[in-house]
Amino acid sequence: MTTISNLQKARAAYQPKLPKALKGQVKAVEGAATQSVGNQAEIKELFPNTYGMPVVEFACADAATAKAPKFNVGVILSGGQAPGGHNVISGIFDGIKSLNPENKLYGFLMGPGGLVDHKYMEITPEIMDAYRNTGGFDIIGSGRTKLEEVDQFEKGIEILRELGIKALVIIGGDDSNTNACVLAEYYAAKNYGVQVIGCPKTIDGDLKNEQIEASFGFDTACKTYSELIGNIERDCNSARKYWHFIKLMGRSASHIALECALQTQPNVCLISEEVEKKAQSLDDIVSYIASVVAARAAKGNNFGTVLIPEGLIEFIPAIKKLIAELNDTLATDEAKAVERENQIAYVKAHLSAENLAVFESLPADVASQLALDRDPHGNVQVSLIETEKLLSRMVARKLAEMKKAGTYCGKFSAQHHFFGYEGRCAAPSNFDADYCYSLGFNASRLIAAGKTGYMSVIRNTTAPAEEWIAGGVPITMMMNLEKRAGKFKPVIRKALVELDGAPYKYFAQRREEWANETCYLYPGSIQYWGPSEVCDQTTKTLQLEQSK
Ligand code: FBP
């Protein structure tokens, strides 16, 4: 018997808000032809059938249209979990049923691999109702199989045909949406008659650009981490004896760390993009933290909080260079054949003298993580590197030297935390519940309009949901060529924290005060019912970016 909590029961009854334009009949208004953000000639050549398509915006249509002919849709959840995934699916479900109640939605199981291996389930109304407004991806599961080979696409079309599926929606991050575009192009080139639509997911917040204001899940994940950070700040301000080193998920980009800093005002927050810009070394970073610890100690405050973005290590220029050479070294067939226990010796034998020196200067656990497994998209698995412990160890050493030199006279005791998996499956905030449902419902309208190779996009998101703008953006528009696993590949450009952007500037102007004073903010838990200024606020990042 399935039991659910009272909160889940009450939350199941929540009806997510939709933009006005999606509430009745819609018409697609098309803009001008588009171009990719970089390498236009190359991207055009690689995507001859899906390049240059116009941006689409939906508007209310006056005339009611006849019931649409029946069609089926498939959906895939790809990559790391993000709050609101179930609502994207319920948006697609309600969207296609509103076009024709006989339409069916099939979910492919455990990520893109389900399409290739023909593992699927029909999402019935009863199943759908059990997952509305809940966190997690457990309705169909997720996975990181990379869809990039022709035989995978061909295996996919077999099952899509068998199930009468007219369109596939891939819910994923930058890499998964890149693959969605490759699949859309392949099916279009072959005239297979199956459309592919992407949806922008990732707690990391790095899938955003002029067209996409935010990836879903970022809002809830940051609010969840900020609640925990606020609790730790209050504990540390009560006991006054610990420095808390908190690593935050987010892969390469520091959007999550920055947003959490804006919500909680910690004593230190490192921003990887700034470290790279200023060409800081590990020692520079350690010296900065130690100087804040010493300044607070001089006022009798032997406590504090330090936020560390997960990808920090990759942005230290010397380490970035090392990772680039490691990526190329590990991408060869010869390297792939090396036994795991011999891999470190193999890379050491192949590194340049400069990179070998950096490699050998790192603690053994960090060095081996950089040299070992990549995820299926070729990324270093930064969530496995314990930067919070590495930094606190090095700060303790630096403070000991400062004590000897008479420049520090405090006590330093550290606690370590890693907040990542805690936030990825949280029940979606009202913003994510509404945003995700709208993204899914909107995807059903892109399918009905016959679009393929588009990403579902909802804009104007700091306004009330009624005023949100719904439409689609050709995925090729967001692409450029980047080096992956030793080769240049078409990929969606990842959005890193912009140092001339409003969120970073707001933080940079206040961080000195936050370092020296104790100005903690305690955001508390996500609220679902109550005044709109408590329940329906977007992230501070989005508010600052849209200057509201
Ligand atoms: P996506 O990019 O797939 O959304 O994943 C986000 C993320 O949570 C990163 O922040 C983190 O580095 C990574 O997934 C962890 O991956 P895994 O779940 O495979 O451990």
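Order of listing sets the numbers, starting from 1, for every ligand and every atom in it.
Residue contacts with ligand 1 leave out G173, since none of its heavy atoms falls under 4.0 Å from the ligand. Proximity of A82 to ligand 1 is not established, as no heavy-atom distance is less than 4.0 Å.
The environment of E498 atom CD is sparse: at most 12 non-hydrogen atoms of other residues, nucleotides or ligands sit within 6.0 angstrom.
The nearest heavy-atom contact from the protein to atom 11 (C) of ligand 1 is E310 OE1, 3.6 Å. In terms of protein heavy-atom proximity, atom 4 (O) of ligand 1 is nearest to T202 OG1, 2.9 Å.
The option with the heavy atom closest to atom 18 (O) of ligand 1, from among Q81, M249, R424, is R424.
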Check the pair Y520, T305 against side-chain contact (heavy atoms from CB on, under 4.5 Å), reporting the backbone distance first and the verdict last. CA-CA 9 Å; Y520 302 149; T305 46; 3.7 Å; yes
List the steps, then state whether ring-ring contact (aromatic ring centres under 6.0 Å, His included) holds for Y435 with F216.
CA-CA 7 Å; Y435 182 49; F216 79 75; 7.4 Å; no
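The aromatic rings of F419 and H417 lie tilted to each other, with the angle between the two planes from 30° to 60°. Using cut-offs of 30° and 60° on the angle between ring planes, the pair F218 and H255 is perpendicular. Under the 30°/60° scheme for interplanar angles, the aromatic rings of H86 and F137 are found to be tilted.
The side chain of D204, and not its backbone, has at least one atom closer than 4.0 Å to an atom of ligand 1 (non-hydrogen atoms only; side chain from C-beta on). Looking at R144 against ligand 1, only its side chain comes within 4.0 Å, counting heavy atoms.
Every atom of ligand 1 with a heavy atom of G250 under 4.0 Å away is listed here by number and element: 10 (O). Counting the atoms of ligand 1 from 1 in the order shown, those under 4.0 Å from a heavy atom of G79 are 3 (O). Interface of Y421 with ligand 1, defined as ligand atoms under 4.0 Å from a residue heavy atom, comprises 15 (C), 17 (P), 18 (O), 20 (O). Atoms of ligand 1 lying under 4.0 Å from at least one heavy atom of K201, given by number and element, are 1 (P), 3 (O), 4 (O).
Between Y437 and the choices V88, N442, D432, D94, the side chain to side chain contact (heavy atoms under 4.5 Å, CB included) rule is met once, by D94.
Between K223 and D219 a salt bridge is recorded (basic side-chain N to carboxylate O distance below 4.0 Å).
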